[in-house]
Amino acid sequence: MKRQPLLHPGLNLGSTDEYSHDVSEPIIFGFWVFLMADLVLFAILFATYASMSVQGQAGGPTPIDVFDLPSAFIETMLLLTSSITFGMASLALKYKADSLHLVFWLVLTFCLGAGFIGMELRDFWVMIQQGAVPQRSGFLSSFFLLVATHGIHVTAGLFWMLVLLLQLRVFGRTTEVKLRLMRLALFWHMLDIVWVCIFTFVYLFGVAQ
Amino acid sequence: MTDKHVETYTQDFRSYCIGGLLALILTSLAFGLVVFEVLPNFERLIAISVLAVAQIIVHFRYFLHISWHSHRDDLQLVLFTSLILFLMVGGTIWILFNLHEQMM
Amino acid sequence: MTAESSFSLLGILTAQDISFVHTFEHPGMSEFIDASAGGVMVMGGIIVIALLTYYRGWHALWCDWLTSVDHKKVGIMYIVVAFVMLARAIIEGVLMRYQQSIAVNDPGILSPDHFGQLFSTHGSIMIFFVAMPFVTGMMNYIMPQQIGARDVSFPLLNAISLWLTAAGAALVMISLVVGKFSTGGWTAYPPYTGIEFSPGEGVDYWIWSISLASIGSTLTGLNFATTIYKNRAPGMTLFRMPLFCWTSLCTSILMIFAMAPLTIATLMLALDRYAGFHFFTNDLGGNMMNYANLFWLFGHPEVYILILPAFGVFSEVISTFSGKTIYGYKSLVIATMSIAVLSFTVWLHHFFTMGQGANVNVIFGIATMLIGVPTGVKVYDWLLTMVRGRIRLTTAMLFSVMFLVTFVIGGLTGVILANPPVDFAVHNSLFLVAHFHNMVIPGVLFGMIAGYQFWFPKAFGFRLAERWGKVSFWCWSFGFYLTFMPLYVLGLMGAMRRTVEWFRPEYLGWLQVSFVGALLLFSGFLFLCVQLVVSIRQRDQRRVPAGDPWDGRSLEWSNSSPPPEYNFAVIPDVTGQDAFTRIKQQGQAYASPIAYEDIVVPKNSIVAPVIGIAAIMFGFALVWHIWWLVVFSFVCMWGAVIARSFVTETERVIPASKVRADHEAWLQQVRECATTPREQENTSVNVGRAEVLT
C-alpha cells in the first residue's frame with residue numbers, strides 16, 4: 001500500500017477526518033515553526049551551560065557533587081513513557097470514535113508529567129538544601145535556568161492538557177479541539193527531545209567527567 | 001473503522017511502539033555506560049553523545065513522524081533549524097572556550 | 001490604610017521618581033530638558049484624547065482600529081507607532097549632536113547621566129521601536145496582497161504581536177515621566193548594566209521593553225513565514241513571488257531564529273539583577289563576555305531583519321519606476337537567501353577586541369567580507385534594472401537611487417571594519433557610529449520612506465504631494481552626509497562614541513558641521529509631516545480610486561485603493577512573474593470574474609488589546625517591583641488567551657452578493673476612468689488607471 005503523503009509533522013488525521021486534515025496544514029506548520037524558535041532558545045541555554053559548567057564553578061559544588069543520577073534516570077523514564085502514552089492518545093484521537101480512550105490516555109500522560117515535575121522539584125529542593133543554590137556560582141545559575149526552563153515548559157504543557165480536557169468535555173471532538181491536541185502532542189514530544197539532551201549533556205556528562 | 005483504517009492503525013500503532021521501545025533502550029544504555037563506567041572516559045562521552053543523537057533521530061522519526069516522506073516545507077525547516085543550531089551552539093562554545101584559554 | 005502600606009502597594013516607586021517632581025526639587029538645565037520632554041509627551045497624550053473626545057472618535061478608534069485583526073490595519077498601526085517613536089528618537093539625536101558640538105572643554109547642557117539615557121533610548125528606540133515596527137508594518141500591509149492572500153495565516157496572533165511591540169514602546173515612553181531609562185547604551189553590556197553598577201530602574205525598563213518587543217517579533221516571524229509558505233494564491237509559486245515577498249520570507253526566518261538569543265540574554269540579565277544569579281557578573285563564575293556573544297547572535301541577524309525588507313522595497317520601486325522587469329530575479333533571490341544564512345556566521349565581528357584568539361577573529365572577519373558578495377550582486381542587479389529603462393524620478397525612486405550610492409559607501413567602510421587589526425584601531429570610535437548610521441539610514445530608513453511614498457496611495461486612496469516629498473528627500477540626503485561624514489573623520493582622529501565632553505579643540509569644527517547636518521535630518525522629518533498634512537488637505541485632487549497609480553507590476557495594484565478588507569473579491573490565478581503586468585498586457589485587467597463566493601473574514605477581537613495593556617502593566621510592575629501587579633497582569637494575559645480558546649464564533653461571512661455588488665461597482669468606476677500616461681502620473685489626471693503599452 002502506498003503511504004499517504006504527510007501534510008505536517010506529527011500524526012496526520014488523514015482519511016479518518018478529511019475536513020480537519022485539510023485545514024490542519026497551515027495551523028500545524030505555524031506551530032511547528034514556533035517549536036523551532038523554542039528549540040533555538042534551548043540551544044542557547046545549552047551553549048551557555050556548556051561553557052559555564054566548566055568555567056563557572058567558582059570553587060563551589062561541581063556537577064558530580066550535586067547531581068542525583070538515579071533520580072534523573074527515573075525522571076527520564078517517566079517522561080519517555082508519557083511520550084508513549086501521548087502517542088496512544090493521538091491514536092485514540094485519530095481512530096476511536098468515543099472520547100473514553102482519549103481521555104484515559106491523556107489523564108495517564110498528565111499523571112506521568114506531574115510525576116516528572118514532582119521529582120524535579122524534589123531534586124531542586126535537595127540541591128538547595130545542600131547549598132547548591134543558583135546564586136552560588138555561574139555553573140549553578142546556568143544549570144537551574146536550563147532545567148527549570150524545561151520544567152516550566154512541561155508545566156505549561158500540563159495546564160494546556162487540563163484546558164483541553166475541559167474543552168473535550170464542553171465541545172467534544174471538534175476540529176479546533178483536535179488540532180489543539182495535535183499541537184500539544186508536538187509540544188510534548190519536542191520537550192521529550194529537549195530532555196534527552198538535558199539528561200545526556202547535563203546529567204550524564206556531568207557525572208561521567 | 002473501515003479495513004483501510006485498521007491497516008493504517010496497525011502502522012501508526014507500531015510506529016509509537018517501536019519508537020518507545022528504542023527510546024527506552026537507548027536511554028538505559030547511556031545510563032548503564034555511565035553508572036558501570038564502561039569504556040575509558042573520553043570514549044564514554046563520545047558513546048553517550050552518539051546514543052543521544054540516535055535517540056533524537058528516533059524521536060523525530062517515530063513520535064514526530066518526520067521522515068524523507070514528509071512535506072518538503074517541514075523537512076526544509078528541520079534541516080535549516082539544525083544548521084542554525086549548529087552555528088549558534090558550535091560558535092558559542094568555540095568562542096567562549098577559546099576566550100577562556102586566552103584568559104588563563 | 002496607613003501611608004506605609006499604600007507605598008508598598010506601589011513597590012519601590014516614590015513621588016521623587018516622577019520627572020516633574022524631581023526637576024522641581026533639583027532644578028537644572030538637564031533636568032529641565034528631561035521634564036519638558038515628559039511634558040511634551042503628556043501634553044501630546046492629552047491633546048490626542050481631547051481631539052478624540054471632541055470629534056467622537058473613540059468608538060471608531062476602538063471598533064475600526066484597536067480591536068481589528070485585519071492585516072492592513074495592523075500594518076498601518078505599526079507604521080503609526082514607528083512614526084511617533086521616530087519623532088522622539090530624531091529629536092534625541094539632534095540633542096546629542098548639539099551637546100557634543102558645544103561640549104569642547106565645556107560641560108554643555110546635558111549631565112552625563114542624562115546624555116547616557118539619551119544615547120540608550122535613541123539606539124533602543126531606533127532599532128526596536130522605529131525600524132522594527134516600520135519594517136513589520138510594511139510587510140504586514142503589502143506581503144499578503146502581493147501573494148494573493150486574504151490575510152495572514154494567524155490574524156489574531158498578528159494583532160497580539162503589534163500590541164506586544166506597542167507595549168514595549170509604551171514602557172520606553174513611560175520612562176520619560178516615571179523614573180529614568182538605562183544609561184547602558186542600546187546593547188546594555190554587563191557588568192555595567194548589572195545591579196552593582198546600575199542600581200535603580202533604568203536597565204529594568206530596557207530589559208522589559210526589549211523583551212516584550214522581541215517576543216512580538218518572534219510571533220510576527222512565524223506568522224509571516226507560515227503565510228508565505230501556506231497561503232499563496234494558486235499559481236503563485238515561490239519563484240513567481242515579487243522580491244519584496246522573498247525578502248519578507250527571509251526576514252521572517254531571521255526573526256524566528258534570531259530573537260531567541262536576545263530573549264535569553266535579557267532574561268539572564270534580569271535574573272542577575274533581580275535574583276542574584278551569576279551569568280554576567282564579575283564574581284562567582286559569571287562571564288560577561290557571553291552576554292556580548294548572545295546579544296550579537298541576535299544583533300547581527302537583526303541588521304538583516306531590518307535591511308532585507310528595505311532591499312525588497314528598492315527592488316519593487318526601481319523595477320516599477322524603470323518600467324522594467326527586475327534584472328536578474330533569480331540572482332537576487334539567491335543573494336537574499338545567502339545573506340540570510342551568512343548573517344548567522346558573522347556575529348563575532350562586533351567584538352573582535354574582546355580577547356579571543358586571532359584565528360577566531362580571522363574566520364569571522366572573512367565571513368563578514370563574504371556577505372559583501374551577495375550584496376554586491378544585488379547592487380549590480382538594481383543598476384542593471386535601470387539600464388535602458390524609462391526612469392521616472394519620483395520621490396520613492398530618488399530615495400532608492402540615493403540609497404544605492406550611500407549604501408555602497410557604508411558597505412566599503414564595513415569591509416574596512418571587517419579587518420580585525422583595523423577594527424582594533426577604530427573600535428568603539430565615532431568611525432563605527434558613522435559606519436552603522438551609514439548602513440541603517442539609507443538601508444532601512446530610506447527604504448521605508450521609499451516604500452511609504454510608493455504604497456501610500458494604495459493604503460489611503462490618494463497620492464502624496466511629490467513636491468514636499470522631494471524637499472524632504474534633499475534634506476535627508478544632505479543631512480545624512482553632513483552629519484555622518486564628519487564622524488568618520490572624528491573617529492579616525494580618535495574621538496570615542498558616547499562621549500559627553502571633549503578636551504580636543506580640533507574636534508570642534510567637525511562636530512559643528514555634524515550638528516548642522518542633524519538639523520537638516522530633523523527638517524527632513526518635518527517636511528515628511530508637512531507632506532502628509534498637505535496631501536490630506538488636497539486629497540480630493542489626488543484620489544486614485546482605480547488603484548494603480550504607478551503602473552504597478554504586482555498583485556496589490558490590481559485592487560481598489562484602499563483595498564476591501566478581504567483584499568481580493570476573487571483569488572487571482574497567477575501565471576508568471578510580475579503577475580499584474582501580465583494581466584494588464586493580456587488585456588484581462590478589470591474583467592468581471594465568472595463567479596463570486598462567500599468570503600469568511602475574522603471578527604474583531606479584544607484579546608490583543610487586553611494582552612497589550614496587561615503587558616504594559618506587567619513590564620511596569622516588574623520595573624518597580626510591584627509584585628501583586630506582576631501576578632495580576634500575568635494572569636490577565638494568559639487568562640485572555642485561554643478564554644479566547646473557548647470562543648467558537650471567531651469568523652463572519654461576507655455574502656457573495658455583497659462582494660459582487662461592491663466589486664462590480666468598483667470595476668464600473670475603473671472602466672470609466674481615463675488612463676494615465678506615465679508623464680502625467682504626478683498630476684490630477686492620475687486617478688489610478690495606468691496606460692498599458694504593449
Side-chain angles (χ1 to χ4, degrees), chain B residues 8 11-12 15-16 19 23 34 41-42 44-46 48-104, chain C residues 221-222 225-232 238 249-250 252-262 264-265 279-280 285 287-298 300-301 337 340-364 367:
Chain B
T8 56
Q11 253 180 20
D12 286 341
S15 163
Y16 282 107
V34 173
N41 218 329
F42 182 71
R44 200 188 319 147
L45 291 185
I46 298 288
I48 55 178
S49 311
V50 170
L51 287 172
V53 172
Q55 192 168 352
I56 290 169
I57 294 171
V58 165
H59 281 245
F60 266 98
R61 172 71 188 79
Y62 293 102
F63 291 156
L64 292 164
H65 304 272
I66 293 282
S67 68
W68 299 112
H69 303 286
S70 288
H71 199 297
R72 223 178 63 172
D73 299 349
D74 300 329
L75 210 58
Q76 277 174 356
L77 186 61
V78 172
L79 294 177
F80 186 73
T81 308
S82 317
L83 172 70
I84 298 298
L85 292 187
F86 171 75
L87 289 174
M88 284 184 171
V89 176
T92 299
I93 290 176
W94 184 40
I95 293 167
L96 291 181
F97 276 87
N98 184 286
L99 188 68
H100 193 63
E101 271 169 38
Q102 306 280 328
M103 297 279 169
M104 284 289 110
Chain C
L222 78 88
T226 311
T227 307
I228 295 177
Y229 264 116
K230 303 290 182 186
N231 233 0
R232 299 191 305 274
L238 283 174
L249 177 62
C250 289
S252 312
I253 292 173
L254 293 183
M255 281 179 174
I256 294 162
F257 293 108
M259 302 315 282
L262 175 68
I264 287 297
F279 288 106
F280 310 127
N287 181 2
M288 64 287 287
M289 275 82 138
N290 190 26
Y291 181 89
N293 172 61
L294 295 181
F295 185 85
W296 291 110
L297 257 179
F298 143 79
H300 199 86
M337 290 198 280
V341 174
L342 282 175
S343 72
F344 282 105
T345 63
V346 299
W347 73 95
L348 182 126
H349 69 216
H350 295 271
F351 46 94
F352 276 146
T353 55
M354 190 169 76
Q356 64 280 2
N359 292 342
V360 184
N361 277 355
V362 163
I363 296 218
F364 278 91

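Just so we're on the same page: letters track the sequence lines, and every chain starts at 1.
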* How close do Ile95(B) and Phe364(C) get, heavy atom to heavy atom, and via which atoms? -> CD1-CZ, 4.1 Å
* To do: Against chain C, label Leu85(B) side chain, backbone, both or neither, depending on which of its atoms sit under 4.5 Å from a heavy atom there.
  => neither
* Asked: Relative to chain B, which segment of Asn293(C) carries a heavy atom at a distance below 4.5 Å: side chain, backbone, both, or neither?
  -> side chain
* Asked: Take atom CG in Asn41(B); do more than 12 heavy atoms of anything else shown fall under 6.0 Å from it?
  -> yes
* Asked: For Ile84(B), is it the side chain, the backbone, both or neither that has a heavy atom under 4.5 Å from a heavy atom of chain C?
  -> side chain
* Asked: Quick one: does Ile363(C)'s side chain get under 4.5 Å of Trp94(B)'s, heavy atoms only?
  -> yes
* Does the side chain of Val341(C) come within less than 4.5 Å of Leu83(B)'s, by heavy atoms? -> yes
* To do: For chain C, find its close neighbours in residues 73-81 of chain B: heavy-atom separation under 4.5 Å, sorted by number, or none.
  => Asp73(B), Gln76(B), Leu77(B), Phe80(B), Thr81(B)
* Asked: Heavy atoms under 4.5 Å from chain B: which residues of residues 254-262 of chain C carry them?
  -> Phe257(C), Pro261(C)
* Asked: Hey, is the main chain of Gln356(C) close enough, under 3.5 Å, to the side chain of Asn98(B) for a donor-acceptor pair?
  -> no
